[in-house]
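Worksheet: the structure to be examined is printed underneath.
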Amino acid sequence: MGEQTRRSVLRSAAAVGTGIGISAAGTAGATGAQEATCPPPLGPVRVGSKDQRYYELVRRGTNARFTGSPDHVRVVGSTEHVEEAVRDAVRGGLRVAVRSGGHCFEDFVDNPEVRMVIDMSGMTAVYFDPERNAFAVEAGATLGEVYRRLYLGWGVTIPGGWCPSVGAGGHVQGGGFGTLSRLHGLTVDHLYGVEVVTVDGGGRVRTVVATREDGDPHRDLWWAHTGGGGGNFGVVTRYWFRSPGAGGSDPARLLPNPPRHVLTFSAAWRWEDLDKAAFTRLVENHGAWAEANSDAGSPAAALHSDLLLMPAVLGAPYIMGQVSTESNAERLMRDHLDAISAGTAAYSLTRLRKEVPWLQAALIGTGEGVSRRYTKMKSAYAKKTLSRPQIAAAFSHLTDTDPGRISGVMTLSTYGGKVGDVAPDATAYAHRGTRIKIGYVNVWPSPSDADAYEANVRNFYRAVYADTGGVPVPNEINDGAYINYPDADLRDPAWNTSDTPWHYLYYKDNYRRLQRVKAQYDPTNAFRHRLSIEPA
């Protein structure tokens with residue numbers, strides 16, 4: 001879609017009262033509303049290292065572990081601006097990267113070899129596109145704005161992540177999991193189309209629109225963006241969302257309706273009450289609940305929770321979650337907490353909020369503000385509860401009281417539900433049999449602490465997966481890792497001593513097809529990083 005067409009769509013949307021977030025010229029009079037006008041897009045802006053804005057732009061990422069030093073940053077406001085920036089990068093032989101929300105856990109953007117950063121801050125529109133009968137979301141929009149505009153405009157949403165400051169641009173490409181995914185699947189399960197600025201074998205820059213329509217000649221490019229990860233095929237400028245099977249002329253019926261209200265809760269256990277046996281039972285109980293309550297038709301699919309196993313020197317283990325109040329919420333929550341605590345230690349319910357409007361909960365998210373922190377993140381999936389040796393390794397690291405060996409937090413998130421209703425090869429996202437999503441994260445206050453904290457979380461992860469070469473090789477328990485939590489260690493033979501390559505951990509059997517798409521749309525490997533897909 002060209003910028004002129006986009007502006008026409010936005011004017012049309014405003015005229016029928018659906019253009020949330022765009023300005024209107026004049027006010028409604030006795031004979032009807034005057035035509036709405038669409039302001040010109042931001043940019044293009046070229047910011048070099050001597051510009052006072054440079055410092056802000058190269059440090060806009062939330063992970064202080066990396067800071068880039070590109071020759072310049074391009075702030076773009078339209079697809080045409082992106083085309084121009086990519087064309088300049090190709091002509092100048094410049095390595096290019098893209099920043100949407102700035103939440104990457106590795107140096108995919110802030111890498112010393114990247115000489116141009118395309119900043120998507122100016123592309124934040126969210127609107128209904130009648131031409132495609134789908135909702136358009138530009139890549140620079142944050143999830144919070146996507147939720148707000150879709151819900152206030154049409155009463156719908158996408159089942160995306162719990163952190164409202166994450167950018168749609170990267171989040172969607174990796175699959176997009178959130179608190180409503182057990183009810184409605186992944187974000188990519190509702191992806192209808194994608195607009196991508198690509199570079200062909202002759203260095204020519206073009207914009208391609210790919211949809212899930214069977215007759216679309218670019219359907220493979222759409223498929224690659226349903227879990228293939230960011231920074232691989234080109235610059236995504238826009239997504240379109242419409243649920244499979246949805247039709248008709250009413251936009252309010254084209255995407256899931258979130259619950260009107262949710263019950264949010266948190267509860268905690270005391271480390272003093274959790275010896276090794278009790279801790280083991282706690283984790284096994286959690287896994288048993290996930291195994292028993294992760295079918296799409298289960299009433300418990302309305303509940304999402306994250307069990308955070310804190311290092312003993314930092315705080316108590318606790319759980320946070322939410323339940324749709326349209327599904328006997330308090331009973332589901334109590335049953336969930338009682339099942340996890342059974343035979344171990346009593347929990348204390350530290351927070352209970354009844355009848356919180358869904359949008360309010362979505363915009364609060366995890367309750368954490370956006371801050372720039374030194375962070376190392378690792379991930380894994382599990383098809384069922386962890387083994388006794390895995391739990392023992394976690395207990396050993398989490399209860400180490402040496403301040404110099406803080407292992408980081410281990411999170412166990414409920415998974416499954418509608419996520420498992422899609423075949424592993426129907427989208428690029430292959431982990432459809434997962435029941436628990438696991439995160440390992442360490443955060444530290446100063447760059448001088450980096451070596452110790454990074455080593456601690458790496459050793460923690462390696463110990464949990466000691467039986468499979470230090471990484472979660474898919475087997476009866478493990479199911480690989482999540483590309484939206486990228487971890488370059490998985491391709492480092494020092495940390496991955498298994499015979500399983502990094503790409504199988506992230507993509508399983510879908511990697512070969514992703515390579516073919518890469519070879520077709522980015523044959524010169526213009527878009528690359530340490531975990532990028534390699535052309536076939």
Side-chain angles (χ1 to χ4, degrees), residues 1-6 8-9 12-13 79-80 82-83 127-139 156 158-159 168-169 172-176 184-202 204-230 232-256 418 421-430 432 507 509-523 527 533 535-536:
M1 177 187 289
E3 185 58 29
Q4 188 174 15
T5 304
R6 168 184 173 272
S8 175
V9 166
S12 298
T79 302
E80 286 77 8
V82 175
E83 287 181 345
Y127 57 95
F128 179 68
D129 180 354
E131 180 182 342
R132 301 192 185 279
N133 199 35
F135 292 95
V137 173
E138 291 185 334
V156 300
I158 55 174
V172 174
Q173 294 176 61
H184 300 297
L186 299 174
T187 299
V188 294
D189 296 338
H190 303 269
L191 182 65
Y192 172 75
V194 61
E195 180 180 76
V196 193
V197 176
T198 64
V199 180
D200 68 16
R204 290 179 293 273
V205 176
R206 62 172 181 155
T207 298
V208 179
V209 173
T211 72
R212 67 169 178 245
E213 298 291 346
D214 289 338
D216 190 330
H218 301 295
R219 191 177 190 278
D220 273 357
L221 185 61
W222 162 82
W223 178 88
H225 285 84
T226 61
N232 281 307
F233 309 101
V235 182
V236 172
T237 52
R238 198 179 330 270
Y239 299 105
W240 286 272
F241 294 98
R242 187 202 323 144
S243 299
S249 58
D250 183 0
R253 296 181 179 273
L254 300 181
L255 281 176
K418 283 281 188 180
D421 274 4
V422 179
D425 60 352
T427 62
Y429 184 91
R432 298 293 180 168
Y507 304 115
D509 292 330
N510 288 338
Y511 185 66
R512 298 305 177 200
R513 184 175 175 186
L514 287 167
Q515 284 189 291
R516 293 194 293 271
V517 178
K518 175 77 168 180
Q520 181 177 355
Y521 291 94
D522 184 24
F527 303 98
I533 292 162

Applying side-chain hydrogen bond (donor to acceptor under 3.5 Å, both in side chains), can you list everything that pairs with [X], at least two apart in sequence or on another chain?
{"X": "Asn133", "answer": "none"}
{"X": "Asn232", "answer": "none"}
{"X": "Lys518", "answer": "Asp522, Asn525"}

For [X], give me all partners under salt bridge (charged side-chain N to carboxylate O under 4.0 Å, His left out), at least two apart in sequence or on another chain.
{"X": "Arg512", "answer": "none"}
{"X": "Arg212", "answer": "none"}
{"X": "Asp220", "answer": "Arg513"}
{"X": "Arg219", "answer": "Asp214"}

Results of ring-ring contact (aromatic ring centres under 6.0 Å, His included) for His190 - residues two or more places apart only: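 His190: no ring-ring contact (aromatic ring centres under 6.0 Å, His included) contacts found.
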Pairing residues for Tyr521 by the ring-ring contact (aromatic ring centres under 6.0 Å, His included) criterion, not counting sequence neighbours: His218
Ion pair check, Arg432 and Asp189, cut-off under 4.0 Å: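 So Arg432 pairs with Asp189 through a salt bridge.
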Residues forming a side-chain contact (heavy atoms from CB on, under 4.5 Å) with Pro523, sequence neighbours excluded: none
By side-chain contact (heavy atoms from CB on, under 4.5 Å) - contacts of Asn510 (at least two apart): Trp223, Asp425, Ala430
Inter- and intrachain pairs under side-chain hydrogen bond (donor to acceptor under 3.5 Å, both in side chains), touching residues 244-255, at least two apart: none
Test side-chain contact (heavy atoms from CB on, under 4.5 Å) applied to Val172 and Phe241, step by step: CA-CA 11 Å; Val172 174; Phe241 294 98; 4.0 Å; yes
Arg238 side chain to Thr79 backbone, donor-acceptor under 3.5 Å: no
Side chain to side chain donor-acceptor pair (under 3.5 Å) evaluation trace for Trp240 with Asp129: CA-CA 8 Å; Trp240 286 272; Asp129 180 354; 2.9 Å; yes
